[in-house]
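See below for the structure under consideration.
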Amino acid sequence: MRPILLQGHERSLTQIKFNSDGDLLFSCSKDNVINVWYSHNGERLGTYEGNNGSVWTVDVDADSEFMVSGAADNTLRLWSVATGKCLYTWEFPTAVKRVAFNDEGTQVVCITEQRMGHQCAIRVFNINREGDGTKQSKEPLYMFNPIGSKATVCAFTLTPNVIITGHESGKVALFNVKSGEEIDNNERAHGDVVTDLQLSKDRTYCITSSKDKSARIHDTKTLLVIKTFTTETPLNSAALAPDRPYVLLGGGQEAMSVTTTSLRQGKFETRFWHKIFEEEVGRVKGHFGPINTIAVHPAGTMYASGGEDGFVRVHHFDDSYFKAKPYGELEILE
């Protein structure tokens with residue numbers, strides 16, 4: 001698989017995201033810029049400029065009309081995907097670490113950091129899709145402070161007003177955003193901070209990665225751990241391959257301690273694991289530093305990884321990937 005190397009960032013990547021059609025790839029990094037690329041050939045379509053700090057997180061709605069971003073300048077911004085204009089800016093006392101749209105693109109959830117005496121807060125905003133998108137309500141629809149460990153990642157589940165969160169302590173929880181109460185939790189989902197959370201296409205299960213060197217698949221209704229993938233390196237990101245029984249894991253030693261190790265020992269590879277058998281089936285090398293974020297094309301034809309080295313690498317899967325028989329001779333009926 002020859003990768004397409006996307007060079008549009010000067011600092012390390014924080015999150016990458018395909019839109020629902022998979023023709024666009026959004027990338028954000030610590031250099032204050034969000035880029036959008038054509039995924040099939042890696043051509044840069046444009047940039048979204050206006051943030052005054054590291055952009056930590058980005059998400060795009062199902063119609064690829066609006067994009068939201070969260071940054072270290074304490075803002076949540078709404079952008080027009082087509083024009084690159086910033087339509088609306090919400091300001092908070094601390095940095096925005098994670099944003100996510102609901103399925104319809106009518107609501108957005110964001111996590112703000114615990115800093116300078118401010119608690120970690122989760123807010124849900126209604127997105128007004130009428131007109132040009134510049135008329136948004138300044139006040140959140142709901143806001144609450146999760147008790148105990150601060151939240152690091154979140155996403156809407158299929159149940160209305162219920163979000164799933166991953167926390168610094170390693171717990172995974174379900175919250176009712178209306179009341180702010182914790183409906184359910186799994187305190188011991190992970191042994192260290194949860195670094196990523198990605199939902200399956202139908203949102204019935206999700207995968208989380210953690211600094212505790214493991215990734216886990218959870219049922220989004222019951223929080224039951226279905227599968228565990230244990231590696232020997234801290235993980236920063238985990239993604240699910242649609243239509244194939246694989247999960248993709250990425251991570252590597254902390255950037256601070258990397259200088260003392262070789263590339264091989266640093267484990268800067270995208271690692272493919274069999275979703276059912278929990279066995280590692282392949283690795284893809286390439287990054288010169290920890291992998292911070294991984295995204296898989298919604299049709300499962302390619303994947304992209306963003307690293308500490310400032311590069312995004314897009315890999316179109318080879319024929320052999322689709323011809324392989326991951327279940328042996330069994331044919332799975334779609």
Side-chain angles (χ1 to χ4, degrees), residues 1-6 16-25 38-42 155 158 189 195-210 213-222 224-233 235-252 263-264 267-287 291 293-307 312-334:
M1 291 193 294
R2 283 192 68 93
I4 303 171
L5 207 58
L6 311 186
I16 53 177
K17 199 94 190 194
F18 282 99
N19 65 344
S20 57
D21 295 333
D23 57 337
L24 301 177
L25 178 67
Y38 283 120
S39 61
H40 66 284
N41 62 1
L158 281 173
T195 49
D196 195 11
L197 182 149
Q198 296 194 25
L199 293 163
S200 62
K201 220 179 215 167
D202 59 4
R203 295 187 184 233
T204 54
Y205 62 93
C206 69
I207 188 164
T208 55
S209 63
S210 166
K213 306 181 180 179
S214 72
R216 293 204 152 112
I217 292 181
H218 313 259
D219 184 307
T220 48
K221 251 194 160 66
T222 61
L224 202 69
V225 174
I226 305 169
K227 294 285 174 187
T228 301
F229 311 96
T230 311
T231 70
E232 62 291 338
T233 175
L235 295 176
N236 297 328
S237 191
L240 297 155
D243 306 334
R244 308 296 287 170
Y246 302 123
V247 299
L248 286 69
L249 311 180
L263 275 181
R264 184 80 192 104
K267 305 271 189 297
F268 309 135
E269 299 143 323
T270 302
R271 310 174 65 161
F272 286 71
W273 286 66
H274 198 292
K275 191 160 75 178
I276 313 300
F277 303 135
E278 302 181 13
E279 288 169 359
E280 189 169 359
V281 292
R283 292 185 185 192
V284 178
K285 290 194 184 79
H287 283 284
I291 292 172
T293 172
I294 292 181
V296 181
H297 189 286
T301 53
M302 64 176 104
Y303 84 93
S305 56
V312 178
R313 299 173 75 91
V314 178
H315 293 263
H316 288 262
F317 289 127
D318 286 345
D319 275 352
S320 58
Y321 173 84
F322 300 106
K323 287 192 178 130
K325 296 192 169 171
Y327 298 108
E329 289 304 312
L330 275 178
E331 283 300 318
I332 302 296
L333 297 173
E334 289 297 329

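Index from 1, following the sequence.
The aromatic rings of Phe317 and Tyr321 lie parallel to each other, their planes meeting at an angle below 30°, with 60° marking the opposite boundary.
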Go through it in stages, so that I can follow the logic: the residues are Leu240 and Ile217, the test is side-chain contact (heavy atoms from CB on, under 4.5 Å), and I'd like the CA-CA distance, side-chain angles, deciding distance and then a yes or no. CA-CA 9 Å; Leu240 297 155; Ile217 292 181; 4.1 Å; yes
Residues Leu235, Phe229; criterion side-chain contact (heavy atoms from CB on, under 4.5 Å); working and verdict: CA-CA 11 Å; Leu235 295 176; Phe229 311 96; over 6 Å; no
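Qualifying side-chain contact (heavy atoms from CB on, under 4.5 Å) partners for Thr204, counting only residues two or more places apart in sequence or in other chains: Leu158, Ser200, Asp202. Legend: residues meeting salt bridge (charged side-chain N to carboxylate O under 4.0 Å, His left out) with Arg313, ordered by chain and number and at least two apart, are absent.
A distance of 13.0 Å separates NE2 of His218 from OH of Tyr205, quoted to the nearest 0.5 Å. Of the inter-residue distances, the one linking His316 atom NE2 with Ser39 atom OG reads 6.5 Å to the nearest 0.5 angstrom. Going from atom CD of Glu269 over to atom NZ of Lys285 covers 5.5 Å, rounded to the nearest 0.5 Å. Atom CG of residue Leu24 and atom CG of residue Asn19 lie 4.5 Å apart, to the nearest 0.5 angstrom. Here the CD1 atom belonging to Ile207 is positioned 9.0 Å from the OG atom belonging to Ser237, to the nearest 0.5 angstrom.
Asp319 places no side-chain N or O within 3.5 Å of a backbone atom of Lys323 that could act as its donor or acceptor partner. Judged purely by atom type and a 3.5 angstrom limit, Thr293 has no side-chain atom pairing as donor or acceptor with the backbone of Gly306.
In the displayed structure, Lys227 atom NZ is contacted under 6.0 Å by more than 12 heavy atoms of other residues, nucleotides or ligands.
In terms of heavy atoms, Thr231 sits closest to Thr233 at OG1-O, 3.0 Å. Heavy atoms only, all atoms of each residue included: Ala295 and Phe18 are closest at O-CE1, 3.5 Å. The shortest heavy-atom contact between Leu199 and Ala155 is CD1-CB, 3.6 Å. The minimum heavy-atom distance between Val281 and His274, with the atom names listed, is CG1-CB, 4.0 Å. Between Phe322 and Arg244, the shortest heavy-atom distance links the atoms O-NH2, 3.3 Å. For the pair Leu249 and Ala238, the tightest heavy-atom approach, listed with the atom from each and the gap, is CD2-CB, 3.7 Å.
Checked by atom type, the side-chain pair Arg216/Thr228 shows a donor-acceptor distance below 3.5 Å. Ser209 and Thr195 are linked by a side-chain donor-acceptor pair at a separation below 3.5 angstrom, with hydrogens and angles left out of the test.
Lys275 is not listed as a side-chain neighbour of Tyr246, based on a closest heavy-atom distance of 4.5 Å or more. At least one side-chain heavy atom of Ile226 sits less than 4.5 Å from a side-chain heavy atom of Asp219.
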Side-chain donor/acceptor pairs under 3.5 Å, residues 297-305, sequence neighbours excluded:
from, atom 1, to, atom 2, distance (Å)
His297, ND1, Ala299, N, 2.9
His297, NE2, Gly22, O, 3.1
Ser305, OG, His287, NE2, 2.8

